Amino acid sequence: MQTDIEVKLWFSCRHAHRIYDVFEFAYIESMEDEIYVTAPIPEDEWLYSFLLSFGENVKVIQPEHIKKGTEKPAKATLLSMKGKDGRAS
């Protein structure tokens, strides 16, 4: 059985509907233009895919290893979208 880790995340309010669909209200702190989520989540491929799907509209506050774990796939995606000359194709 996989154990959950507690993550603290910042989201742009642009995606409030998605946040409220995924997380229980007790884990969500909504401000005027931003949303903070502190919640236990299984650390698996879903977590990383979920975070990356928000692009620049999410920031991992804690834990540090999750923040670093999203950097490599994000960079790989960016590189795969560039042509051989380094410009977007």
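Predicted model only: the values in this text are computed from it and were never measured. The figures here come from the full heavy-atom set of this structure, side chains too, leaving out hydrogens, waters and symmetry mates.
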In chain order, what residues pass the side chain to side chain contact (heavy atoms under 4.5 Å, CB included) check against E32, with sequence neighbours excluded?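 E32: no side chain to side chain contact (heavy atoms under 4.5 Å, CB included) contacts found.
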
Hey, could you give me the [atom1]/[atom2] distance between [X] and [Y], rounded to the nearest 0.5 Å?
X   : Y   : atom1 : atom2 : answer
E6  : I41 : CD    : CD1   : 9.5 Å
I35 : S30 : CD1   : OG    : 5.0 Å
R14 : E56 : CZ    : CD    : 6.5 Å

Is there a path from Y20 to W46 through hydrophobic residues (I, L, V, M, F, W, Y) whose side chains come within less than 4.5 Å of each other?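 As far as the 4.5 Å side-chain criterion goes, W46 and Y20 are connected within one cluster.
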
If you group Ile, Leu, Val, Met, Phe, Trp and Tyr by side-chain heavy-atom gaps below 4.5 Å, do W10 and F54 land in one group?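 No; F54 is not reachable from W10 via cluster members.
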
Mutual orientation of the aromatic rings belonging to H17 and H15 [parallel < 30°, tilted 30-60°, perpendicular > 60°]: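 It falls in the tilted class, 30° to 60°.
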
Does a side-chain heavy-atom distance below 4.5 Å link [X] with [Y]?
X   : Y   : result
Y27 : P40 : yes
V58 : F50 : no
H65 : E43 : yes
L47 : I66 : yes
L9  : L51 : yes

Quick check on the 6.0 Å ring-centre criterion: do F11 and Y36 meet it?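 Distance test on ring centres: not under 6.0 Å, no.
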
Between S53 and R18, does a side-chain contact (heavy atoms from CB on, under 4.5 Å) hold up when you go through it step by step? CA-CA 11 Å; S53 74; R18 288 183 64 195; 2.7 Å; yes

Against V37, only a single residue in I61, I19, V7 fulfils side chain to side chain contact (heavy atoms under 4.5 Å, CB included); can you say which?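 The passing option is I19.
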
Minimal non-hydrogen separation, I28 against F23, with atom names: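 Minimum heavy-atom contact is CD1-O, 3.8 Å.
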
